[in-house]
K.L.:
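Pasting in a structure now, in structure tokens, and then I'll have a few things to ask.
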Amino acid sequence: MAASRPDRSAQVFPPAREPAASTDVVLADGGSVTVRPLRPADTGRLSAFQLRLREANPHDPDLASATADPALVAERVISPDSRTSAVLGALVGDEVVGMVEYSKIGSGDDARFGILVENAHQGRGLGTLLIDTLIDTAGAGGVRRLVTDVPASSRRVLEVLRSVGFDLTPADGNQIRVSYPVEPGDDSPSGTPARRGRVGGSPDHPNGSRSIDRLLHPRAVAVIGASREPGTVGHEVFRRLLRSGFTGAVYPVNAAATHVASVYAYRDLREVPAEIDLAVVAVPAQRVTDVLRACARKRVRGVIVVSAGFADGGDEGRALLADAIRIARDGGMRLIGPNAMGVINTAPTTRLHATFAVGDPPAGRVGVFTQSGALAGTFLTDAARRAVGLSTFVSAGDRSDVSTNDLLEYWQTDPRTDVIMLHLQSFGNPRRFARIARQLGRHKPVVALKSGQESADSGVDALFTSAGVVRADTLNQLFDAVQLLTHQPLPAGRRVGIVGTSSALAALATDACRTYGLEVPPLSDETCSGLADLLGHRYSTNPVDLGPLADPERFDAALRLVATSGDVDAIIALVTPHAQVDRLGAAVREVAADSGLPVLASYLGQDGMPAALAVANAAGSAGRGSVPSYSSPESAALALSRAADHAAWRARDHGRVQTLDHIDLDGARAEIARHPKNGSWLPEPAVATLLAGVGLRTWPSARVTDEPQAQAAAAALGWPVALKIADERFRSRLDVGAVQLGLGDPEELSGAWEAVRAAVGPGDMLVQPMAPAGVSTVVRLRQDPTVGPLLSLRLGGAVADLLVDPLARTLPLTDRDAEELIHQIRGSVLLVGGSGAPAADTEALADLLHRVARIAEELPAIGEILLDPVLVGRRGVVLLHAGIRLLPPEAESRTLLQAFTAST
């Protein structure tokens, strides 16, 4: 595949960025390629690639002109001007098999582009992958339109370009002009909009999804290490495959046995007389790499390694893991594990149960991913106990290849999955997770439990908030939320009607609803009148108590009256032990079906799905319309609150990444290159240069070491001045005397000097002219080890330093994110005004937040930015102090896009 290439001045990123700029990407057939900027050392590889293209297509004039001059190929690769062009390559092993490049046209925002893919690698999804990468990379480099001319006869090229959203129009001669508008949007850090017409509708590459589909729908499975001993891992996996009614063929492989569970066993994988789609490996860790090589020779597409002793096996185990990953990648195999529990697919056309976990979950519409093998059994037994039907289940273990993000991509287009349930111990690529989850959550709720020492950190909250993920704090809460989201519709609002057979439970339910941000509103006069006629007393309102001996017909009528009143958005039905409990349950289920509102029940002490509340699906399990039951009203209220939060997230405008003026980061990049990445705070001039790249400047300041210098600085800056200690720990501490304000003459400055010295001891001081009044805030950008760049805001001042937790958001930052940060922090009334208090300039503060986010996006070497304090006045903001630290190289976290665009 070839399209016209860009100007021959196109070049790659500087060699300094090379080591961090590659990534391995899965293709449509399950194989993988490495995508990275091409380096000076790649000139020979690139020339060999283009020579192979010419030899395979000797009569293609476009290839002849695009690859004619090896010297010009070398020039494109070694030139350092990466702000206007880029050359990226796809490599298999040591060979370049595809390339994509762009070059800006003149001084404008348009760029010409070109793409070449070797014949043998066409049809694998590589062209689509490279074009998507081109769009993201060019967009981050300031390109706003990609253009090129393609011969009308190049139908394959044109079809690929059309499929990812390029516009095609006739041009001069026998040419087609193709173009793509790269406009700022909200779906990538660079502001690139979601692709139009993407294959599978995925916001990321669809190829991983296809390879996951093959893992979960195999036609033939081999269990390597299938033992004859019951209770062993290999034996249990094999028996469960047979017992589940797997629709394909299962082959046990055991070098020391002729039969396993009365099924003929093969001594070696090579002897199996069929193509194997999936191999389950249950042999000691030291033998796994040999087994993987045999799988590669057999051309197995997917492998599940249930063996332990890799990531948890010390240096030797980690070396084995690295070898296993390399063998799988080179063999074009997707790998789940090691230390995995396995996978389940309940589709009637597959019925795959390739795990050794105890438990047979019902079929349903929930996709489950857990990193922990130990918890897999708990998930399966709880799913059965709570009547949560599963579509697919994956226990990934060490997560060496197949990841959470791969499964999210798969579930996005899987018609059998409506809700996703995740147990996460870490994020492989938090930005990709956020992009996929945000896209997926708009039509399929994602519910997640994050465990680990950092699970309570604000970074995880910020990531989940941005991505619309429903967060649970415990396993019980995880299942509580999934039960509701699987079986009932989302609420249109937060108003709850409570109908039950116990006034005590009704009071608990009312308190719980209010605790979790739900409303229990009084009912309209008309509804109250209807309840009074029904119950025989005048004072019937929300909550509605029918008493422990409630008649089922009256219970049904009261439920319907409240559900159809228009006064509520959801119903919680409270059921205590009753002689006709099944009739009460049937009333709850029927009202849920008839009203269209989400209905929850609380059968005291009972989690799950009583038979009277269940609506059977095609598989005979509890399906859509069933009413989940909770052991307490508090659990029901919490689950409903989270559903209401998710509904509000779906309904709202998610905002856009802002287009900013006065952005010029050339000087900032040069400044970063002059400083070591050792985690120390940069000197003030360097900080000023970096901030100037995004149009920010700090309030004038002079660092002094003695009083005469302070007097000279004050005279130069102009009276009145402020004097403060330079030590980060005390810079804003008026309460301990480390800051002296409003010094109007040399005598006052002299007294202040002595006061600061007496309060905090020796150290450099800062002299600044007095700033206009404003609300003190603190803005911080830091590299969170779990979720990547994290931007936070809080009020400033001594009390706030001790008592106020910051509110944070992950990047990219949208206008909606900035608005929420400002309006939702504690004490936000000081900024937004109200009750007679004037409003501060929140637009100026939002602009500052966007600029801090931009510098973090563009310069990933920055580990922390601390702006403390930022004074937000009636008009404008004043940045009194700024500190910036650079990450040590080993701590610098990058995504593929960051690595490609960090120098643009």
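Keep in mind that what you see is a predicted model, and the values were worked out from it rather than measured.
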K.L.:
Can a donor-acceptor pair be found, under 3.5 Å and without considering hydrogens, that links the side chain of T350 to the backbone of L352?
P.N.:
no
K.L.:
Which is it for F427 and N405 under the side chain to side chain contact (heavy atoms under 4.5 Å, CB included) test, yes or no, and what are the steps along the way?
P.N.:
CA-CA 9 Å; F427 298 97; N405 295 334; over 6 Å; no
K.L.:
Do S426 and R399 get their side chains close enough for a donor-acceptor pair, meaning under 3.5 Å?
P.N.:
yes
K.L.:
For a quick test of reading the model, state the closest non-hydrogen atom pair linking G459 to D784 and the distance between them.
P.N.:
CA-OD2, 4.1 Å
K.L.:
Should V394 and L216 count as side-chain neighbours, where that means a heavy-atom distance under 4.5 Å?
P.N.:
yes
K.L.:
List the steps, then state whether salt bridge (Lys or Arg N to Asp or Glu O under 4.0 Å) holds for D868 with R780.
P.N.:
CA-CA 8 Å; D868 180 15; R780 184 187 182 200; over 6 Å; no
K.L.:
Can you list the steps and then say if R809 with T814 is a side-chain hydrogen bond (donor to acceptor under 3.5 Å, both in side chains)?
P.N.:
CA-CA 10 Å; R809 289 290 182 269; T814 68; over 6 Å; no
K.L.:
Any donor-acceptor pair under 3.5 Å linking the side-chain atoms of T465 with those of W649?
P.N.:
no
K.L.:
Run the side-chain contact (heavy atoms from CB on, under 4.5 Å) test against P415 and tell me which residues pass, sequence neighbours left out.
P.N.:
none
K.L.:
Give me the one residue out of I344, V388, L390 that meets side chain to side chain contact (heavy atoms under 4.5 Å, CB included) with V368.
P.N.:
L390
K.L.:
Can you pull out every side-chain hydrogen bond (donor to acceptor under 3.5 Å, both in side chains) where at least one residue sits in residues 306-316? Sequence neighbours excluded, please.
P.N.:
D315-R318
K.L.:
Flag the pair T346 / F393 as yes when at least one side-chain heavy-atom distance between them is below 4.5 Å, and no otherwise.
P.N.:
no
K.L.:
Residues two or more places apart in sequence or in another chain: which of them pass side chain to side chain donor-acceptor pair (under 3.5 Å) with D290?
P.N.:
R293
K.L.:
Please name all residues satisfying ring pair (Phe, Tyr, Trp, His ring centres under 6.0 Å) with F369, sequence neighbours left out, ordered by chain then number.
P.N.:
none
K.L.:
Measure the spacing between CG of D418 and OG1 of T486 and express it to the nearest 0.5 Å.
P.N.:
8.0 Å
K.L.:
What are the two closest non-hydrogen atoms of L292 and A324, and how far apart are they?
P.N.:
CD1-CB, 3.5 Å
K.L.:
Which heavy atom of H353 sits nearest a heavy atom of A357, and at what distance?
P.N.:
NE2-O, 4.2 Å
K.L.:
Can you tell me how far apart CG (L849) and CG (L793) are? Round to the nearest 0.5 Å.
P.N.:
6.0 Å
K.L.:
Could I get the full list of side-chain contact (heavy atoms from CB on, under 4.5 Å) partners for D401, not counting sequence neighbours?
P.N.:
R334, L335
K.L.:
Can a donor-acceptor pair be found, under 3.5 Å and without considering hydrogens, that links the side chain of T417 to the backbone of D414?
P.N.:
no
K.L.:
So does E409 pair up with R435, basic N to acidic O under 4.0 Å?
P.N.:
no
K.L.:
Of all the heavy-atom pairs spanning S680 and N678, show the shortest one and how long it is.
P.N.:
OG-OD1, 2.6 Å
K.L.:
T392 side chain to G367 main-chain N or O, any donor-acceptor pair under 3.5 Å?
P.N.:
no
K.L.:
Would you please name every residue forming a side-chain contact (heavy atoms from CB on, under 4.5 Å) with L886, sequence neighbours left out?
P.N.:
I672, H675, K677, L682, I862
K.L.:
The criterion is salt bridge (Lys or Arg N to Asp or Glu O under 4.0 Å); which residues satisfy it with R326, sequence neighbours excluded?
P.N.:
D323
K.L.:
What's the separation between atom CD in Q483 and atom CG in D382, rounded to the nearest 0.5 Å?
P.N.:
9.5 Å
K.L.:
Could you state the interatomic distance from CG (D461) to OG (S466), rounded to the nearest 0.5 Å?
P.N.:
12.5 Å
K.L.:
Begin with the C-alpha distance, continue with both residues' side-chain angles, and end with the deciding distance and a verdict on salt bridge (Lys or Arg N to Asp or Glu O under 4.0 Å) for D406 and R432.
P.N.:
CA-CA 10 Å; D406 292 325; R432 183 168 170 241; 3.7 Å; yes
K.L.:
Do N476 and L478 touch side chain to side chain, with heavy atoms closer than 4.5 Å?
P.N.:
no
K.L.:
Could you walk me through whether T810 and L790 pass the side chain to side chain contact (heavy atoms under 4.5 Å, CB included) test, one step at a time?
P.N.:
CA-CA 5 Å; T810 53; L790 193 67; 3.9 Å; yes
K.L.:
Partners of H423 by ring pair (Phe, Tyr, Trp, His ring centres under 6.0 Å), sequence neighbours excluded?
P.N.:
none
K.L.:
Could you tell me whether a side-chain N or O of Q477 sits under 3.5 Å from a main-chain N or O of D473, the two making a donor and an acceptor?
P.N.:
yes
K.L.:
Which residues pass the side-chain contact (heavy atoms from CB on, under 4.5 Å) test with R885, not counting sequence neighbours?
P.N.:
W681, E864
K.L.:
For T381 and T378, indicate whether the former's side chain and the latter's backbone hold a donor-acceptor pair under 3.5 Å.
P.N.:
yes
K.L.:
Check V300 against G302 and note the closest heavy-atom contact, atom names and distance.
P.N.:
CG1-O, 3.2 Å
K.L.:
With sequence neighbours left out, what residues match D645 under side chain to side chain donor-acceptor pair (under 3.5 Å)?
P.N.:
R494
K.L.:
Taking atom types as modelled and ignoring hydrogens, do the side chains of S400 and D398 form a donor-acceptor contact shorter than 3.5 angstrom?
P.N.:
no
K.L.:
Rounded to the nearest 0.5 Å, what's the gap from OG on S792 to CG on L807? Could you check?
P.N.:
8.5 Å
K.L.:
Can you pull the salt bridge (charged side-chain N to carboxylate O under 4.0 Å, His left out) pairs that have at least one residue in residues 367-377, sequence neighbours excluded?
P.N.:
none
K.L.:
Just by modelled atom types, is the Q425 backbone N or O under 3.5 Å from a matching donor or acceptor in the K450 side chain?
P.N.:
yes
K.L.:
Take V402 and L215, measure what side chain to side chain contact (heavy atoms under 4.5 Å, CB included) needs, and give me the verdict at the end.
P.N.:
CA-CA 10 Å; V402 173; L215 274 173; 3.9 Å; yes
K.L.:
Test side chain to side chain contact (heavy atoms under 4.5 Å, CB included) on L449 and L424 and set out the steps.
P.N.:
CA-CA 6 Å; L449 169 64; L424 304 173; over 6 Å; no
K.L.:
First locate atom CD1 of I855, then atom CD1 of I884, and finally report the distance between them rounded to the nearest 0.5 Å.
P.N.:
5.0 Å
K.L.:
Under 3.5 Å, side chain of H217 to main-chain N/O of D213, donor-acceptor pair present?
P.N.:
yes
K.L.:
Can you spot which of D480, L638, L640 makes a side chain to side chain contact (heavy atoms under 4.5 Å, CB included) with Y630?
P.N.:
D480
K.L.:
Ignoring hydrogens and angles, state whether a donor on the side chain of H646 or R650 is under 3.5 Å from an acceptor on the partner side chain.
P.N.:
yes
K.L.:
Determine whether I865 and L791 make a side-chain contact, defined as any pair of heavy atoms from C-beta on separated by less than 4.5 Å.
P.N.:
no
K.L.:
Tell me, do F433 and L422 make a side-chain contact under 4.5 Å, heavy atoms counted?
P.N.:
yes
K.L.:
Listing request: all salt bridge (charged side-chain N to carboxylate O under 4.0 Å, His left out) pairs with a residue in residues 278-289, at least two apart in sequence or in separate chains.
P.N.:
none
K.L.:
With no hydrogens and no angle check, is any side-chain donor or acceptor of S395 less than 3.5 Å from a backbone partner on M341?
P.N.:
yes
K.L.:
Go through the side-chain N and O atoms of R240 and T355 and say whether any donor and acceptor fall under 3.5 Å apart.
P.N.:
no
